[in-house]
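One structure is given below, encoded as structure tokens.
Every heavy atom of this structure was used, including side-chain atoms; hydrogens, water molecules and symmetry mates were not. All residue numbers in this chain count up from 1 along the given sequence.
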Amino acid sequence: MGIFSKTCEYAMRAVFYIAQKSEEGQKVGIREIAVHINSPEPFLAKILQKLSKDGLILSSKGPNGGFYVDSGGLQRPLADIVQAIEGDSIFTGCGMGLSYCSEANPCPLHNDFKKIRGQIVVMLQNTSIGKFNEGLLAGHLTLNK
């Protein structure tokens, strides 16, 4: 069980895989990405379309086409991927999913979750896509369960 939705998990894995291949000078297609990150291809296609629209990944058509990430994309924080897919709910939402939870009307987990959420936000904002890419290229990290 992760803290992100399945959609967001696939989005992050896809961006990491695309970034890894981009560093190797390759562009990749949906089918290859889906196989390497264990994602259903039709679902992944919708995710990639959203990420491309938001400028997190780039694509080109044609026989040598596919998805890729440029050097600017490698500098973007993980928070950009999460924001594109989830919106800002992970940055502001209640740990129990309650719509009425606030400082004035806290849920039972409010204070503890606020601290944990703050740490997650800092990690997402301060960690670039490229940082994880280095670990993938070195073989220290994996994208496939």
Side-chain angles (χ1 to χ4, degrees), residues 1-61 64-102 106-145:
M1 181 180 118
I3 60 168
F4 303 107
S5 70
K6 192 55 95 175
T7 304
C8 193
E9 289 174 8
Y10 287 145
M12 286 191 286
R13 283 192 241 157
V15 170
F16 294 149
Y17 184 76
I18 294 166
Q20 178 184 10
K21 290 302 180 179
S22 295
E23 281 284 315
E24 297 169 352
Q26 300 174 30
K27 295 176 184 171
V28 289
I30 293 173
R31 187 168 292 124
E32 179 182 343
I33 300 165
V35 166
H36 283 87
I37 68 166
N38 281 340
S39 170
E41 194 175 322
F43 188 47
L44 181 61
K46 292 178 183 180
I47 295 168
L48 294 177
Q49 184 177 27
K50 173 73 172 135
L51 294 172
S52 183
K53 181 181 173 210
D54 287 2
L56 285 156
I57 59 174
L58 304 167
S59 66
S60 63
K61 297 185 187 287
N64 295 319
F67 293 96
Y68 62 100
V69 176
D70 63 11
S71 59
L74 292 173
Q75 302 307 311
R76 294 191 61 177
L78 299 182
D80 288 357
I81 300 169
V82 176
Q83 183 86 31
I85 301 299
E86 306 270 3
D88 67 352
S89 63
I90 194 164
F91 304 110
T92 60
C94 171
M96 293 179 64
L98 303 173
S99 60
Y100 62 82
C101 181
S102 67
C107 75
L109 299 179
H110 184 80
N111 292 325
D112 291 332
F113 185 74
K114 188 169 122 180
K115 293 173 194 169
I116 293 166
R117 183 182 60 213
Q119 292 173 328
I120 292 169
V121 169
V122 167
M123 184 271 300
L124 291 171
Q125 290 175 340
N126 293 337
T127 307
S128 70
I129 293 166
K131 178 181 179 191
F132 283 108
N133 201 35
E134 293 167 12
L136 287 168
L137 290 168
H140 300 153
L141 303 174
T142 184
L143 295 174
N144 205 328
K145 293 181 183 180

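- Counting only heavy atoms from C-beta outward, the side chains of M123 and L78 approach each other to under 4.5 Å.
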Between I81 and F4, does a side-chain contact (heavy atoms from CB on, under 4.5 Å) hold up when you go through it step by step?
-> CA-CA 11 Å; I81 300 169; F4 303 107; over 6 Å; no

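- Stacking of K46 on the aromatic ring of F43 is not recorded, the 6.0 Å distance cut-off and the 45° axial limit not both being met.
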For the pair E24 and Q20, evaluate side-chain contact (heavy atoms from CB on, under 4.5 Å) and give the outcome as yes or no after the intermediate values.
-> CA-CA 7 Å; E24 297 169 352; Q20 178 184 10; 4.2 Å; yes

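- The two atoms that bring Y10 and I37 nearest to each other are O-CD1, 3.7 Å, heavy atoms only.
- The heavy-atom pair separating A19 from I129 by the smallest distance is CB-CG2, 4.0 Å.
- Of the possible donor and acceptor atoms, none in the side chain of S52 sits under 3.5 Å from a partner among the backbone N and O of L48.
- Here the closest heavy-atom approach between residue V82 and residue F91 is recorded as CG1-CZ, 4.3 Å.
- For K50, the salt bridge (Lys or Arg N to Asp or Glu O under 4.0 Å) partners two or more places apart in sequence, or in a different chain, are D54.
- Note that NZ of K114 and SG of C94 are 12.5 Å apart. Values are rounded to the nearest 0.5 Å.
- Counting only heavy atoms from C-beta outward, the side chains of K27 and S60 approach each other to under 4.5 Å.
- Side-chain N or O atoms of R76 include one that pairs as donor or acceptor with a backbone N or O of G55 at under 3.5 Å.
- In this view, D70 and L58 satisfy the side chain to side chain contact (heavy atoms under 4.5 Å, CB included) rule, not counting sequence neighbours.
- Put simply, the side chain of C8 reaches to within 4.5 Å of the side chain of M12, judged on heavy atoms.
- Considering V15, I30, L51 in turn, I30 is the only one that fulfils the side chain to side chain contact (heavy atoms under 4.5 Å, CB included) rule with F67.
- Side-chain contact check for Y17 versus E32: some heavy-atom pair is nearer than 4.5 Å.
- Smallest separation of non-hydrogen atoms from V69 and L74: CG1-N, 3.7 Å.
- The shortest heavy-atom contact between G93 and R117 is O-NH1, 2.5 Å.
- From Q49, atom CD reaches atom CG of L44 across 11.5 Å, with rounding to the nearest 0.5 Å.
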